[in-house]
Every structure is written in structure tokens, then in C-alpha cells.
Amino acid sequence: MPVQWVNRPDSEFRGFSGLITSGSIARGSEVVAALSGRASRVTRIVGPAGDMEQAQAGQSVTLCLADEIDISRGDVLAAAGALPQVTDQFAGHIVWMGTEPMLPERRYLARFATATATAQVTDLTHTVDVNTLEK
């Protein structure tokens, strides 16, 4: 679950809100903060209608943890033993909606879940004009 918001309405409550992107989570499950590698246990799952015993992919929830871990917007909470892979290169499909053409080797800001990072396009393999569908 990418953390969208750290929910702290008062000194008694600290939760991490976001959309569960895959799998499921239950109260008592062990989770790991991907950036720090620190683990904790889920003490509460709060959904739109209140406390829940479990939640699954596609649901937006707030997770409360047993331990005080430094987690902020853009961090990822993952099941222990199932941390996301980290890489500095990947292939992807991009829908470019800018008025200026995308240029290889230029640096751009890219969104990854709730985080923003500098990215560089190294090679354009295929292009499709959305107005004509020509390659």
C-alpha cells in the first residue's frame, strides 16, 4: 500500500492512509516500511464505515501500527516477506499528453504511486499518434 497520507488528528491516533494495491491485510498482520525496512504489526484497519478486521486490494483504508515508525507520504507498506522490488531501470508504456514532444535523454519528473522522482527516457521503441493511430 503506497502511503497517501499520514493521518494524525490528535496525539492519540496515528494512521497511514492509502489504497491497497495488491493482496490483503488483516488486523495482526506484520508489515514492513519499504524505505526503512522497519517492521511492525497492524493494530487497526479503519475504513470509511469504521474499524475492519481485514481489507483487500482496491480498498482505501487507514492502517494503525503497534510501533512508532518514521513513515511519510510516498513510502510503501508491504507484507513482511513481500517487499516491492527496487530498480533503477524499467520498461514501460507511456501516454504522453504534453504539447511538446517527449525527447529521449531529457530528464522529466515522474510519479510513482504517491512519490515523485526524476526520470530519464533512454529509448523510444514504438510511438502511436492517438489522433490517427498511426505508428
Side-chain angles (χ1 to χ4, degrees):
M1 180 187 88
V3 175
Q4 178 69 29
W5 180 48
V6 178
N7 185 351
R8 189 141 196 167
D10 57 52
S11 63
E12 301 297 316
F13 185 91
R14 183 174 188 228
F16 306 98
S17 303
L19 174 72
I20 299 174
T21 55
S22 67
S24 62
I25 189 79
R27 202 162 48 95
S29 296
E30 188 174 346
V31 294
V32 176
L35 290 178
S36 69
R38 300 244 350 248
S40 187
R41 188 178 41 79
V42 176
T43 58
R44 285 180 71 187
I45 302 171
V46 183
D51 283 68
M52 307 166 64
E53 286 298 314
Q54 63 181 18
Q56 61 189 5
Q59 291 182 294
S60 293
V61 296
T62 297
L63 301 179
C64 298
L65 304 180
D67 304 290
E68 289 281 331
I69 298 176
D70 186 20
I71 298 171
S72 59
R73 177 179 167 87
D75 204 343
V76 174
L77 287 173
L83 287 172
Q85 292 182 335
V86 178
T87 184
D88 64 350
Q89 297 180 33
F90 63 92
H93 297 270
I94 298 173
V95 177
W96 185 258
M97 300 184 69
T99 55
E100 300 295 320
M102 180 191 306
L103 300 173
E105 306 303 324
R106 181 178 283 175
R107 295 197 178 274
Y108 295 96
L109 291 178
R111 293 280 297 178
F112 301 97
T114 58
T116 302
T118 302
Q120 183 176 9
V121 177
T122 57
D123 185 30
L124 294 177
T125 308
H126 305 286
T127 61
V128 176
D129 185 324
V130 295
N131 296 314
T132 64
L133 298 179
E134 292 181 12
K135 294 182 179 187

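The other members of the hydrophobic cluster of V42, by chain and number, are M1, V3, V6, F16, I20, I25, V31, I45, M52, V61, L63, L65, I69, I71, L77 (side-chain heavy atoms under 4.5 Å, ILVMFWY only). Through direct or relayed side-chain contacts under 4.5 Å between Ile, Leu, Val, Met, Phe, Trp and Tyr, L83 connects to V32.
Here the shortest heavy-atom pairing between P84 and A78 reads CD-CB, 3.9 Å. The nearest pair of heavy atoms linking N7 to S17 is CB-OG, 3.8 Å. Scanning all heavy atoms of the two residues, the minimum distance from P2 to T21 falls at CD-CG2, 3.7 Å. Nearest heavy atoms, T62 versus G15: CG2-CA, 3.6 Å.
Taking S22 as the reference, nothing meets the side chain to side chain donor-acceptor pair (under 3.5 Å) condition, with sequence neighbours excluded. Legend: residues meeting ring-ring contact (aromatic ring centres under 6.0 Å, His included) with F13, ordered by chain and number and at least two apart, are absent. Under the side chain to side chain donor-acceptor pair (under 3.5 Å) criterion, E12 pairs with no residue, sequence neighbours left out. Annotation: side chain to side chain donor-acceptor pair (under 3.5 Å) contacts of R44 (sequence neighbours excluded): D51. Partners of T116 according to the side-chain contact (heavy atoms from CB on, under 4.5 Å) rule, which considers only residues two or more places apart in sequence or in another chain, are L109, R111. Evaluation of the side chain to side chain donor-acceptor pair (under 3.5 Å) rule for Q59 yields no partner, not counting sequence neighbours. Under the salt bridge (charged side-chain N to carboxylate O under 4.0 Å, His left out) criterion, D10 pairs with no residue at all, not counting sequence neighbours.
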Criterion side chain to side chain contact (heavy atoms under 4.5 Å, CB included) on Q120 and E105, from CA distance to verdict: CA-CA 6 Å; Q120 183 176 9; E105 306 303 324; 3.1 Å; yes

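Listed by first and then second residue, the side-chain hydrogen bond (donor to acceptor under 3.5 Å, both in side chains) pairs involving residues 23-42 are R27-E53, S40-D67 (not counting sequence neighbours). The list of salt bridge (charged side-chain N to carboxylate O under 4.0 Å, His left out) pairs with a residue in residues 81-96, not counting sequence neighbours, is empty.
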Residues 95-103, side-chain donor-acceptor partners within the protein, below 3.5 Å, at least two apart:
from, atom 1, to, atom 2, distance (Å)
W96, NE1, E100, O, 2.7

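Taking 4.5 Å as the limit, every side-chain heavy atom of D123 sits out of range of all side-chain heavy atoms of V121.
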